[in-house]
Each structure stands twice: as structure tokens, then as C-alpha cells.
Amino acid sequence: MHGNQAVGPQLVEYDPIHLFVFPEKLCVDRHEMNAVTAVEESQNGSSFREKTGALRKILKKQVELVYISAPHQVPAIQNQTNQQPEKTANGGDEDQRGWWFSDVQARSFNAQQECESSLGLEESVETVKTAMKDLGPFDGILGFSQGAALVAMLCALQEQKLEAAFNFRFAILVAGFHSACSQHRRFYDGPVITVPSLHVFGQDDRVIPEEMSRDLLPVFDGAQILIHPGGHFVPAASSHRQTYQDFLKKFQ
């Protein structure tokens with residue numbers, strides 16, 4: 001697969017790999033490094049691709065990004081009369097996608113909502129496996145927000161040797177967090193994840209506060225971090241370029 005590509009909603013994403021979007025796929029240009037997949041939350045692959053244009057620009061000489069969308073459609077946001085869904089800034093109804101729901105009844109998600117069980121995670125894992133088979137191989141995986149939380153779970157499955165399909169050489173988690181769902185404890189109670197990882201989070205992030213992203217760090221062995229002063233987005237200013245590039249150089 002060549003160039004930056006956006007895969008339709010039948011693949012993966014929610015606040016995008018996100019898998020890379022989680023995944024999205026990324027690979028080193030003119031090298032043997034294969035794609036990295038990208039994943040995100042509450043968005044789809046195409047919209048996340050647009051929002052990460054600056055990241056693609058600073059990494060274009062190193063990686064090829066492939067975006068996938070999460071399998072679950074998020075119900076449209078209703079207005080106060082509960083009649084019509086809210087419109088996006090461009091006037092259309094955005095195709096919102098998610099990796100799992102913390103509120104099974106409402107089919108909604110809140111990263112800080114404690115719950116016993118969730119809905120949809122198994123389907124998302126299968127979606128990622130299918131994307132890897134159809135679009136891979138991938139060298140690494142990148143996720144944003146809920147997509148980053150999913151990336152951590154996929155790395156845990158790889159570490160525990162529970163999914164032969166997963167063989168990521170590295171992971172990048174932007175605004176990641178430790179799931180508050182009891183059903184997901186198995187991803188964190190196993191061995192420390194040895195997949196090399198770069199964790200990126202903002203000091204002014206009000207969606208996934210900095211402390212939530214820091215709580216995920218002990219799950220990974222030797223986790224590297226990139227802290228920025230901003231909020232809930234994928235940072236890609238010139239001051240961040242060197243950190244990304246130095247991390248990726250180890251896998252070229």
C-alpha cells in the first residue's frame with residue numbers, strides 16, 4: 001500500500017489509530033519498514049486523516065500512514081428538543097465511530113465512567129485483525145484518545161501471546177488512558193508490555209487529563225513520553241518533530 005490512505009468506516013476508529021488510528025498504518029519511506037496503523041475515537045478514518053495533516057507533513061519522509069475507522073456507529077447527538085441530530089460545522093451529520101461503549105444501554109462512551117462491562121470491544125479487535133490482514137503488514141500502531149486506549153489493549157494481547165495476528169514493533173499513544181471498565185482489567189493485570197512505546201499527552205487536555213495518561217505509563221516497560229502544553233489533539237509543531245523522528249528512527 002502506497003501513500004496516505006483513508007479506509008471507510010467498515011474498518012476502525014473512534015477519536016482516531018486512532019490505531020494509529022489504530023490503527024492506521026505507517027511505514028518508513030524508502031526503507032523496509034512497513035505501515036503503522038492508526039486509530040481514534042468518535043471520528044472516522046477520513047476525518048482523523050484531515051485533522052492529522054500536520055503530523056503527516058512532519059513524518060512524510062519516514063512513514064506511510066493508513067487510517068481505519070472503528071466498527072461502531074455512535075448515535076447522533078440530539079438537540080434540546082430531542083428531534084434532530086446536531087450538525088457538524090460543515091453542515092453535515094458526521095459519521096461518528098467508536099471502539100466500545102462504556103454505557104451499554106445508551107451506547108455512549110465516557111473515559112471516566114466506571115463500569116462492570118462494556119459493549120463492542122471484541123468486534124473492534126476483530127476489525128483490527130481484518131484490517132491488518134487486508135492492508136498490512138504494519139510496523140507499528142498509533143492511536144488517539146479511545147483509540148490509544150485500544151492500542152494499549154492490543155499491545156497487551158500481543159505481550160500475552162493471545163493474538164498471533166499482532167506483531168507490532170512499536171506503539172504511539174496520544175491522549176491514552178487506562179480503561180475504567182472492570183471487564184478490561186485483564187489487559188493491565190498481565191505482564192508489563194515490552195512493545196516500545198511513545199506516550200503523548202497535553203497538560204491542558206480537559207477530555208483526557210494528563211494524570212489519566214500518566215496512569216497508563218506503568219503498564220509499559222521503558223515508556224517514552226512527549227508532553228505538550230495544549231489540549232486534546234495530536235501535537236505536530238516543529239518543536240515536536242525531533243521526538244517523533246528520533247523514536248521512529250529506531251525501527252528503520
Side-chain angles (χ1 to χ4, degrees), residues 9-24 37-48 51-52 67-79 82 85-88 93-128 131 141-157 171 173-188 199-202 205-216 219 231-234:
Q10 70 272 19
L11 290 179
V12 219
E13 185 164 8
Y14 192 161
D15 208 25
I17 259 169
H18 354 139
L19 272 174
F20 191 57
V21 73
F22 177 121
E24 199 208 349
T37 187
V39 206
E40 188 197 8
E41 152 193 36
S42 286
Q43 302 179 46
N44 57 53
S46 297
S47 66
F48 190 54
K51 294 178 180 180
T52 53
Y67 296 75
I68 61 179
S69 298
H72 306 295
Q73 187 165 30
V74 178
I77 300 173
Q78 300 293 313
N79 62 19
N82 200 34
E86 295 287 348
K87 300 293 184 178
T88 57
D93 295 326
E94 188 172 356
D95 181 24
Q96 299 284 316
R97 294 275 157 174
W99 298 106
W100 76 87
F101 302 107
S102 57
D103 188 323
V104 176
Q105 298 279 331
R107 291 180 66 87
S108 63
F109 176 79
N110 184 322
Q112 300 185 49
Q113 179 182 8
E114 295 183 2
C115 57
E116 290 299 318
S117 61
S118 66
L119 175 68
L121 180 62
E122 293 76 14
E123 291 85 347
S124 290
V125 172
E126 289 302 315
T127 296
V128 174
I141 185 169
L142 176 154
F144 172 63
S145 198
Q146 193 192 39
L150 176 62
V151 165
M153 295 176 184
L154 299 182
C155 289
L157 291 174
L173 301 87
V174 184
F177 57 89
H178 188 299
S179 173
C181 180
S182 299
Q183 190 181 45
H184 301 160
R185 286 176 185 161
R186 61 192 176 97
F187 297 110
Y188 313 112
H199 300 252
V200 184
F201 44 87
D205 192 331
R206 299 183 182 181
V207 178
I208 305 297
E210 178 181 351
E211 58 269 24
M212 289 184 64
S213 290
R214 286 189 178 277
D215 285 344
L216 186 60
V219 177
H232 195 63
F233 58 85
V234 180

For Asp103, the side-chain contact (heavy atoms from CB on, under 4.5 Å) test, sequence neighbours excluded, returns Gln105, Ala106, Ser108, Gln113

In the structure I gave you, are the side-chain heavy atoms of Lys51 and Val234 within less than 4.5 Å of one another anywhere?
no

Using the test side-chain contact (heavy atoms from CB on, under 4.5 Å), find all partners of Arg186 that sit at least two apart in sequence or belong to another chain.
Leu157

Does the side chain of Tyr67 reach to within under 4.5 Å of the side chain of Thr52, using non-hydrogen atoms?
yes

Start with the C-alpha distance between Ser213 and His199, add both sets of side-chain angles, then the distance that settles side-chain hydrogen bond (donor to acceptor under 3.5 Å, both in side chains), and finish with yes or no.
CA-CA 8 Å; Ser213 290; His199 300 252; over 6 Å; no

Step-by-step side-chain contact (heavy atoms from CB on, under 4.5 Å) determination, Arg97 to Gln73:
CA-CA 5 Å; Arg97 294 275 157 174; Gln73 187 165 30; 4.2 Å; yes

Measuring only between side-chain heavy atoms, which start at C-beta, is Trp100 closer than 4.5 Å to Leu150?
yes

Non-neighbouring partners of Cys181 that pass side-chain contact (heavy atoms from CB on, under 4.5 Å), sequence neighbours left out:
Cys115, Ser118, Ser179, Gln183, His184

Identify the heavy atoms of Gly143 and Ala148 that sit nearest to each other, and give their distance.
O-CB, 3.3 Å

Could you check whether atom CD of Glu211 has more than 12 heavy atoms from other residues, nucleotides or ligands sitting under 6.0 Å from it?
yes

Holding to salt bridge (charged side-chain N to carboxylate O under 4.0 Å, His left out), I want the full list of residues that pass it with Glu126, two or more places apart in sequence or in another chain.
Lys129

Quick one: closest heavy-atom pair of Phe177 and Tyr188, and the distance?
O-OH, 4.2 Å

Which pair of heavy atoms, one from Ala171 and one from Val151, lies closest together, and at what distance?
CB-CG1, 3.8 Å

Nearest heavy-atom contact between Ile208 and Gly176 is CG2-O, 3.6 Å

Could you measure the distance from the CE atom of Met153 to the OG atom of Ser124? Nearest 0.5 Å is fine.
10.0 Å

For Phe101 and His72, take the angle between the two ring planes, folded into 0 to 90°, and tell me which bin it lands in: parallel under 30, tilted 30 to 60, perpendicular over 60.
tilted

Residues in side-chain hydrogen bond (donor to acceptor under 3.5 Å, both in side chains) contact with Gln112, at least two apart in sequence or another chain
none

One pair to check against ring pair (Phe, Tyr, Trp, His ring centres under 6.0 Å): Phe187 and His178. What are the steps and the verdict?
CA-CA 9 Å; Phe187 297 110; His178 188 299; 10.0 Å; no

Check: Phe201 main-chain N/O paired with Glu210 side-chain donor or acceptor under 3.5 Å
no

For Ser182, side-chain hydrogen bond (donor to acceptor under 3.5 Å, both in side chains) partners two or more places apart:
Arg185

